[in-house]
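Below: the structure, in structure tokens.
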There are 2 protein chains.
Amino acid sequence: MQKPTYHHGNLKAALLSVALDHVRQYGADKISLRALARDLGVSQTAPYRHFADKDALLAELAAEGFNLLAQALQPATQTAQHDPVSAMEQAGASYVKFALTHPEHYRLMFGSAHFHDRCFPGLDRTTEQSYDAILQIIEAGISQGVFRAAATELLALSAWSTVHGLASLLIDELIDQSRVEDNEQLIKAIANTLMQGILTPPT
Amino acid sequence: MQKPTYHHGNLKAALLSVALDHVRQYGADKISLRALARDLGVSQTAPYRHFADKDALLAELAAEGFNLLAQALQPATQTAQHDPVSAMEQAGASYVKFALTHPEHYRLMFGSAHFHDRCFPGLDRTTEQSYDAILQIIEAGISQGVFRAAATELLALSAWSTVHGLASLLIDELIDQSRVEDNEQLIKAIANTLMQGILTPPT
DNA sequence: CGACACATGTTGACACTGAGTACATTGAAT
DNA sequence: ATTCAATGTACTCAGTGTCAACATGTGTCG
């Protein structure tokens, strides 16, 4: 509805939009360019004018996902300067919430190592972007002395590993829900354990 | 070479074996039953005698993977009774090492939530098996007072999240290797952070 | 011992779906 | 009027899953 100025509308954006719907509904592995084309009432080969192949489209979708994730972490980074601890907790919660809100999108973002076999410019940059958010918070915490005086990268990767692992296990339903009272509780508890490992120990 | 006693060998085992090769070489998503059949010099329809469909074969392969993982964690669980801390470190290292040694297999095991849409008996059981290994160690640690007096499940899930997250990030090459000296160091450092969160704080 | 059932595997189809390519066509802008 | 990007048409190739008909070892039961 934005730019119907063209021949048949701006197909690229439309494709990405519909693709996202399909990813959400059926998962990234089930996506078919043909199905997208059908949904848009366009020929099977039209998508190839805009994307070299299916992976290229998925890569763009993944990049979009990383942008959204970085956006979701934005508020936490702003808290970082005056309260790194809260910022950390906030970031962790936002991260996992993002993953649970967009499970298939998240899976697409992280579940496709083959993206790195080929060079998809833009993807790497957006990945960094999300990681930098964590990095900033850790840096603030260390420089203020509330976080353990370790290498920034190491603490950041610890945190990332934990939230990414938790998010993945939850999304893939590998955590036996009957053993856990409630996801909110679980997330908080794990965040707490993580923080204990990151915080400067009380003297 | 083991049991050529049969009509054409015991195809099921052969299929799983070749499938594993293919998973290792090309990844689970690229597997094709036809290709497996070709490799074994067998007709295209033969695999269907043994597996309802491709997913069924992949599910069995995943189950095998979980068995191997549980096996890899075995030594650590035996250490658990007399030294939960070492056991924990050992388990973490073994876990990540397993993932890095069999990256595609690991991805297959965890990257396919669709397995849970359909009921694959045996898969759930083997998954539990690996998780139980962690659980045992945590239990020992808590009962001996060296681990924080928290709910066993919560500590176990913290640990699992961390190692699974780390393993996934490493496998998917999402960790910028230029920023990290060496994976061994990284794994130890993250294990250390995790342990700080799990250990009973010094009084 | 012989006959028969049964599981395993073969052959040769078939319907369906998707990826990707070559070449023709449209239509908007210059 | 021409040009060029955006789209369409018509194809090839490969994989999944299915089917029916047939072949051959294996074991069982009379």
Side-chain angles (χ1 to χ4, degrees), chain A residues 1-23 25-62 104 108 112 114-115 117-120, chain B residues 1-23 25-62 104 108 112 114-115 117-120:
Chain A
M1 303 301 136
Q2 297 161 345
K3 292 181 183 177
T5 36
Y6 204 67
H7 196 190
H8 277 73
N10 56 350
L11 188 54
K12 182 165 182 175
L15 278 168
L16 285 170
S17 162
V18 177
L20 185 52
D21 286 349
H22 281 224
V23 166
Q25 282 188 46
Y26 317 111
D29 48 331
K30 303 256 170 90
I31 245 186
S32 120
L33 291 186
R34 293 161 111 79
L36 301 183
R38 270 196 301 270
D39 270 26
L40 292 170
V42 112
S43 83
Q44 297 179 341
T45 54
Y48 289 95
R49 193 49 58 173
H50 302 280
F51 302 98
D53 54 20
K54 193 163 74 159
D55 278 352
L57 186 149
L58 290 177
E60 286 215 20
L61 224 47
E104 291 297 347
L108 165 64
S112 311
H114 57 274
F115 287 162
D117 295 352
R118 290 168 51 186
C119 161
F120 286 112
Chain B
M1 308 298 140
Q2 297 162 345
K3 291 181 180 177
T5 38
Y6 203 69
H7 197 190
H8 276 74
N10 55 351
L11 187 54
K12 182 166 183 174
L15 279 168
L16 285 171
S17 162
V18 178
L20 185 51
D21 287 348
H22 281 223
V23 166
Q25 282 187 46
Y26 317 110
D29 46 330
K30 302 255 170 92
I31 247 186
S32 123
L33 290 186
R34 290 162 117 79
L36 301 182
R38 270 196 301 270
D39 269 26
L40 291 170
V42 112
S43 79
Q44 297 180 341
T45 53
Y48 290 96
R49 291 272 176 208
H50 301 279
F51 302 99
D53 55 20
K54 195 164 72 160
D55 277 352
L57 186 149
L58 290 177
E60 285 216 20
L61 223 49
E104 291 296 348
L108 165 65
S112 313
H114 58 275
F115 287 162
D117 296 351
R118 290 170 51 186
C119 160
F120 285 111

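In this text the structure is predicted, and so the values were computed from the model without any measurement. Order of the sequence lines sets the chain letters (A, B, ...), proteins ahead of strands, with each chain counted from 1. Values reported hereafter were calculated over all heavy atoms of this structure, with side chains retained and with hydrogens, waters and symmetry mates removed.
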List the atom of B:Leu40, the atom of B:Val18, and the distance in Å for their closest heavy-atom pair.
CD2-CG2, 3.5 Å
Give the C-alpha distance, both sets of side-chain angles, the deciding distance and a yes or no for side chain to side chain contact (heavy atoms under 4.5 Å, CB included) between B:Asp55 and B:Phe120.
CA-CA 9 Å; B:Asp55 277 352; B:Phe120 285 111; 4.1 Å; yes
Between C:dT10, D:dG8, C:dG20, which one does the side chain of B:Ala46 approach most closely?
C:dT10
Ignoring hydrogens and angles, does a donor from either the side chain of A:Arg49 or the base of D:dT7 sit under 3.5 Å from an acceptor on the other?
yes
So which of A:Val23, A:Ile31, A:Leu20 actually passes side chain to side chain contact (heavy atoms under 4.5 Å, CB included) with A:Glu104?
A:Val23
Rounded to whole Å, please give me the gap between NE2 in B:His22 and C1' in D:dG15.
14 Å
A:Asp39 and A:Leu36, any side-chain heavy atoms less than 4.5 Å apart
no
Name the nucleic acid region contacted by A:Ser32, choosing base, sugar-phosphate or nothing; use a 4.0 angstrom heavy-atom cut-off, strictly under.
sugar-phosphate
Grab the CG-P distance between B:Leu33 and D:dG15 for me, whole Å please.
11 Å
A:Leu40 near the nucleic acid: base, sugar-phosphate alone, or nothing, with a heavy-atom cut-off under 4.0 Å?
nothing
Strictly below 4.0 Å: does B:His50 bring a side-chain N or O up to OP1 or OP2 of C:dG9?
yes
Given the structure, check if the side chain of A:Thr45 and the base of C:dT21 hold any donor-acceptor pair shorter than 3.5 Å.
no
Atom-pair distance (CG on B:Asn10; P on D:dT26), nearest Å:
13 Å
Just to be sure I understand the rule, does A:Leu36 reach a base, reach only the sugar-phosphate, or reach nothing, if contact means heavy atoms closer than 4.0 Å?
nothing
